[in-house]
Number of protein chains: 2
Amino acid sequence: MTYSEENYIKAIFHLGIDGVKAVSTNSVAEQMSTKPSSVTDMMKKLSEKGLVNYKKYRGVSLTEKGRILALSIVRKHRLWEVFLVQKLDFSWDEVHEVAEQLEHINSDKLIDKLDELLNFPEYDPHGDPIPAKNGQIKKRDKELLSQMEINSASICVGVKDSSVAFLRFLDKNKIALGNTIRVMEIEEFDNSLHVLIEDRPMHLSQLIASNLYVKKI
Amino acid sequence: MTYSEENYIKAIFHLGIDGVKAVSTNSVAEQMSTKPSSVTDMMKKLSEKGLVNYKKYRGVSLTEKGRILALSIVRKHRLWEVFLVQKLDFSWDEVHEVAEQLEHINSDKLIDKLDELLNFPEYDPHGDPIPAKNGQIKKRDKELLSQMEINSASICVGVKDSSVAFLRFLDKNKIALGNTIRVMEIEEFDNSLHVLIEDRPMHLSQLIASNLYVKKI
DNA sequence: ATATAAATTTAGACAAATCTAAAAATATGT
DNA sequence: ACATATTTTTAGATTTGTCTAAATTTATAT
């Protein structure tokens, strides 16, 4: 597998995450910052290799073989992110770029041993689950903060948007995974939330609330 | 820099290590398992970029800029090797292949932090010095065991040949860096050595002795 | 010194991954 | 339903790194 092939497989995986049957050529092109014609070329190639189901004009999806490959890449990416944060003191907004490179390193022993060094983590620094060696990936039961009711209490377990801008915003406002969040009031006007984060009162816009995953308690 | 360019720079660095003015096209090709014509092409390109001094038919050498780049790649390679051995329990004959991949990962912060995690090691698992961040590389005073005199005592500090076969041989015979070695007798016939390794008598062929670096004590 | 051998470069080709522009297929709105 | 817009594919070009085969330069041996 070339890096490029792996990146396409990963893109299709991420786009097709919520039970979507097939993803469009254009969406893959956008995700990867390439042109649709490049995607078409690559889909033919990956289809030849039995990694994707591709029908002209009908979009593309991963085969079982492709899914397993995608999961192994995601596993590597997320384990490296944990390593960077836990062992090298990276902040959660710095890890993605480096992990994008590290995820292509090819060595089973390396990944198994890294997993062990990190004590078999289940989630990456953004709260996303780390696929097991056999490809199993657990779906955490979580919902968006924006969907919580008044007076509900929850724990922050992940972010939907993991852009540098959003993560820095959270840092600046001392909002971190593991924090407890209680919804005190919902502004009808703009759907913003008055919350208590670890007993600290805060006012969060609807945009913020709809990018934070929480788990009811 | 592409991976390929980096590999050529590294090859020229390793071939030119002992004060050689210029290395030949063929030697680079052999080192990299490519064809001489491919080397010629790449030398033109690296010359354009100011990384090598290249004159047709006259061989090639690194410019200062090229040397600095080479040292940064070697630094990364050797730090990763230390990481693999110290943190992930790799044996010294398993690290090279993986480090060949990891050395191309591009992140200054990653390498600085890795260096720190490993406590600023000076040598890699084979006894080779790790270039400092600024490119400084210390030359350890060492000589081949085969050049030691009778009754001399020394400490094993490195290997010349770091092939899997040689490293496994050393493991099997419990010869490791840091061991003390005393030369008891030299066989005139085949230049083999009778030595005491950590007080354990052993008989080493001339080939073995000429691939072990030691430091007199 | 010069024929021959060896090393190196050149010329031309190829595969991978990308692009642009044009053509074809599909989707959409009234 | 059909004209128009959008999406997707095709055709052909480009760049990078590689190769083979032929030509050229340098080295070597007598």
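Letters go in sequence order (proteins before strands), and every chain restarts at 1.
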Of all the heavy-atom pairs spanning [X] and [Y], show the shortest one and how long it is.
X     : Y     : result
B:G66 : B:I9  : O-CG2, 3.6 Å
A:A70 : A:L62 : CB-CD1, 3.9 Å
B:L84 : B:A99 : CD1-N, 4.4 Å

Between [X] and [N], is there a side-chain N or O to OP1/OP2 distance below 4.0 Å?
X     : N      : answer
B:K56 : D:dT24 : no
A:T2  : C:dA16 : no
A:Y8  : C:dT18 : yes

* To do: Could you check whether B:Y3 gets within reach of a base, just the sugar-phosphate, or nothing at all, counting any heavy atom under 4.0 Å?
  => nothing
How many whole angstroms separate atom [atom1] of [X] from atom [atom2] of [N]?
X     : N      : atom1 : atom2 : value
B:N7  : D:dT18 : CG    : P     : 9 Å
A:Y54 : C:dA25 : OH    : C1'   : 11 Å
B:E30 : C:dA6  : CD    : P     : 15 Å
B:K49 : D:dT16 : NZ    : C1'   : 11 Å
A:M43 : D:dT9  : CE    : C1'   : 13 Å
B:M32 : D:dT18 : CE    : C1'   : 11 Å
A:K44 : C:dT18 : NZ    : P     : 15 Å
B:M42 : C:dT8  : CE    : P     : 18 Å

With sequence neighbours left out, write down each residue that passes salt bridge (Lys or Arg N to Asp or Glu O under 4.0 Å) with [X], or none if nothing qualifies.
X      : value
B:E5   : B:K45, B:K49
B:K109 : A:E94
A:D93  : A:R168

If you check every side-chain atom of [X], which of [options] has the closest atom?
X     : options                : value
A:Y57 : D:dT18, C:dA24, C:dT9  : C:dA24
A:D41 : C:dC19, D:dT18, D:dT26 : C:dC19
A:R58 : C:dT26, D:dT18, C:dT10 : C:dT26

* Residues touching DNA chain C, which here means a heavy atom under 4.0 Å, drawn from residues 99-107 of chain B -> none
* To do: Name every residue in residues 33-40 of chain A that has at least one heavy atom under 4.0 Å from any atom of DNA chain C, in order of residue number, or write none if there are no such residues.
  => A:T34, A:K35, A:S37, A:S38
* May I have the step-by-step check of side-chain contact (heavy atoms from CB on, under 4.5 Å) for A:H104 and A:N7, ending in yes or no? => CA-CA 9 Å; A:H104 299 294; A:N7 285 333; 3.1 Å; yes
* **Partner residues of B:H96 under the ring pair (Phe, Tyr, Trp, His ring centres under 6.0 Å) criterion, sequence neighbours left out** => B:H77
* Asked: Hey, can you pull the residues of residues 21-28 of chain B with a non-hydrogen atom under 4.0 angstrom from DNA chain D?
  -> none
N/O donor-acceptor pairs under 3.5 Å from side chains in residues 118-125 of chain B, not counting sequence neighbours:
from, atom 1, to, atom 2, distance (Å)
B:D124, OD1, B:H126, N, 2.7
B:D124, OD1, B:G127, N, 3.1
B:D124, OD1, B:D128, N, 3.0

List, with names and distances, any nitrogen or oxygen atoms from the protein found under 3.5 Å away from nitrogen or oxygen atoms belonging to nucleotides 13-15 of chain D.
none

* Asked: Does any pair with a residue in residues 50-63 of chain B pass salt bridge (Lys or Arg N to Asp or Glu O under 4.0 Å), and if so which ones, sequence neighbours excluded?
  -> none
List, one per line, each side-chain donor-acceptor pair under 3.5 Å for residues 110-117 of chain B, sequence neighbours excluded.
from, atom 1, to, atom 2, distance (Å)
B:D112, OD2, B:K133, NZ, 3.0
B:D115, OD2, B:R75, NH2, 3.2

Contacts under 3.5 angstrom, residues 158-166 of chain A side chains, donor-acceptor by atom type, not counting sequence neighbours:
from, atom 1, to, atom 2, distance (Å)
A:D161, OD1, A:S163, N, 2.7
A:D161, OD1, A:S163, OG, 3.0
A:D161, OD2, A:S163, OG, 3.2
A:S163, OG, A:F166, N, 3.2

